[in-house]
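Note on naming: letters A, B, ... go to the chains in the order of the sequence lines (proteins, then strands), and numbering restarts at 1 for each one. Basis for what follows: all heavy atoms, side chains included, without hydrogens, waters or symmetry-related copies.
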Number of protein chains: 2
Amino acid sequence: MTRGRRQAPVSKKISESAVRRLSLYLRTLEELDRAGQEMVSSEQLAAKSATTAAQVRKDLSLFGSFGKRGFGYTVEELGRALRDILGLTQPWRVALIGAGRIGSALFEYRGLTHRGFQIVAVFDCDPSKIGRKWGDSMIRDVAELERVVGDLDIQIAILAVPVEAVQGVMDQASRAGVRGVLNFAPRRLKVPAGVTVKDVNLVIELESLTFALSQGV
Amino acid sequence: MTRGRRQAPVSKKISESAVRRLSLYLRTLEELDRAGQEMVSSEQLAAKSATTAAQVRKDLSLFGSFGKRGFGYTVEELGRALRDILGLTQPWRVALIGAGRIGSALFEYRGLTHRGFQIVAVFDCDPSKIGRKWGDSMIRDVAELERVVGDLDIQIAILAVPVEAVQGVMDQASRAGVRGVLNFAPRRLKVPAGVTVKDVNLVIELESLTFALSQGV
DNA sequence: CTAGTATTGTGAAGGTTTTCACAAGCTGTG
DNA sequence: CACAGCTTGTGAAAACCTTCACAATACTAG
Ligand SMILES: NC(=O)c1ccc[n+]([C@@H]2O[C@H](COP(=O)([O-])OP(=O)(O)OC[C@H]3O[C@@H](n4cnc5c(N)ncnc54)[C@H](O)[C@@H]3O)[C@@H](O)[C@H]2O)c1
Ligand SMILES: NC(=O)c1ccc[n+]([C@@H]2O[C@H](COP(=O)([O-])OP(=O)(O)OC[C@H]3O[C@@H](n4cnc5c(N)ncnc54)[C@H](O)[C@@H]3O)[C@@H](O)[C@H]2O)c1
């Protein structure tokens, strides 16, 4: 029987909610790090991440053993481990498709670059927008998507196009070799196996809010 | 033993995921309605909403009995029932706080008004923005928040301010009597009991995407 | 009216996630 | 070195959610 720590997972299935919490823990750790704190207990990490100490320990135990009994976790070390688990050790190259209102907000959002997501190309289909300069680069014709994704080694696409266009753009993107997609259009996308989609849907958020509000009366 | 249909729930606890699916079903129903379809089976509703027929029926059964055995559901009737359950029978009055990049994208987003969310006031703290005209109304000083929320009977606030400012703005909003909040800033908010918060956090979405991508290697 | 077909509504089973509780183990102190 | 104090890591229990499977039932056709 091996005794290693920080062991690779035995390929257990990890729940979506566990992964989302890991991302939260990482943000909390970064705040602690900025505040100069070196150690943190599962108790404290939980309090700052709106969960419980047991949940924190269970989540981490899915991936290995990162703490010291009696003392807690080293902020920096655990942060490194989480970045590693979440696949954040090297920056990701992202295409933004749709240079409209949401697209421009995202393009200028420092929170993304900061976390290692580099928008390396922007696409649109509107001739009046194509060629316009955004930041260092230029808005490209979405027809070039396939070529550019290959040339720039893009792995992720953010879809910020109108709902009627989104499935078509998705098809182009998956043909181009994009493996992950963040979709802002309110439609469930059909994708080939091997492509992962995450949806951001404001209306669902708002409606789950109004549900809660009208329940609580 | 009563035999009523469409019974009010016996105040069971409804899971967040069930509510989110209801919102999805509603969108699907609206699409079917636009397409002129009158009846729908749980099977079809499930296929279009990326879930299973059993799940659809179970979700609906939490709130009552809306279908006809042997036939399915009336698109319009079920739509009405879902709007009722989700608290969408009358429009909600929303304050947008933070007239920056994300704020302006949201303000112009038709998808919200469309679904009965009316942005009736916009607030900022930047003197160069206050007083500027947006749509029919004007950007107001966030200092007026408390008064305006009362005057305009605002129930929901969308927070689109920088992360450093968000807890302060949240405190103002809850003092003002806002009961629901959609928060775009990447920080967990502390709120008094009776206030519900939903977070929209892009970085979590992207990181759960990169987790999936780096697992799947 | 009866038979036949289709689909709902729902207990029960099965599966997953969260919480509990405690042995294991690290560190500082005397 | 032994002990005290504290926190992790983890099986087991509890809670929660999804899937299964089928009786109940609505409607149509004959
Ligand atoms: N604006 C918001 O706050 C908001 C919020 C949530 C979701 N969304 C969703 O995000 C998407 C974009 O919204 P928006 O408000 O930015 O719209 P927008 O109209 O401002 O921008 C859409 C952009 O996509 C471009 N486009 C259209 N078809 C294209 C194609 N086939 N290929 C490439 N580019 C194409 C358009 O030229 C335009 O520049 C929509 O699906 C919307 O439902 C928007
Ligand atoms: N831009 C994006 O795409 C994006 C994406 C996800 C999340 N976010 C988050 O949304 C928030 C807003 O981002 P943004 O890019 O729109 O920023 P922004 O700087 O463009 O806009 C923020 C606005 O808030 C105003 N403001 C600051 N303090 C305020 C206060 N106390 N009261 C009222 N208004 C105040 C500012 O004057 C500014 O107009 C941030 O927390 C950001 O992390 C942004």
Show the nearest heavy-atom pair for residues [X] and [Y], with the distance to one decimal.
| X | Y | answer |
| --- | --- | --- |
| Met39(A) | Gln44(A) | O-OE1, 4.3 Å |
| Val203(A) | Gly111(B) | CG2-O, 4.1 Å |
| Ala18(B) | Ile14(B) | CB-CG2, 4.1 Å |
| Ser174(A) | Val195(A) | CB-CG2, 4.1 Å |

Nearest whole Å is fine: how far is [N] [atom2] from [X] [atom1]?
| X | N | atom1 | atom2 | result |
| --- | --- | --- | --- | --- |
| Leu60(B) | dG9(C) | CG | C1' | 10 Å |
| Phe63(B) | dT8(C) | CZ | P | 18 Å |
| Arg69(A) | dT8(D) | CZ | C1' | 5 Å |
| Lys58(A) | dC22(C) | NZ | P | 15 Å |
| Leu62(A) | dT19(C) | CG | P | 14 Å |
| Asp59(A) | dT18(C) | CG | C1' | 10 Å |
| Lys13(B) | dC17(D) | NZ | C1' | 11 Å |
| Ile14(A) | dT17(C) | CD1 | P | 9 Å |

- Query: So, Asn201(A) versus Glu205(A): side-chain donor-acceptor pair below 3.5 Å or not?
  - Reply: no
- Query: So which one's nearest nucleotide on DNA chain C is more toward 5', Ser61(B) or Arg21(A)?
  - Reply: Ser61(B)
Counting only side-chain N and O atoms of [X], is one of them less than 4.0 Å from OP1 or OP2 of [N]?
| X | N | result |
| --- | --- | --- |
| Arg57(B) | dT8(C) | yes |
| Thr52(A) | dT19(C) | yes |
| Tyr73(A) | dC26(C) | no |
| Gln55(A) | dT17(C) | no |

- Query: Does Arg187(B) come within less than 4.0 Å of Glu31(A), counting only side-chain N to carboxylate O?
  - Reply: yes
- Ion pair Glu77(A)/Lys68(A), N-O distance below 4.0 Å: no
- Can you sort out which residues in residues 32-50 of chain B have a heavy atom within less than 4.0 Å of DNA chain C? Ascending by number, please. Ser41(B), Ser42(B)
- Does any donor-acceptor pair link the side chain of Lys68(A) with the base of dG9(D) at a separation under 3.5 Å? no
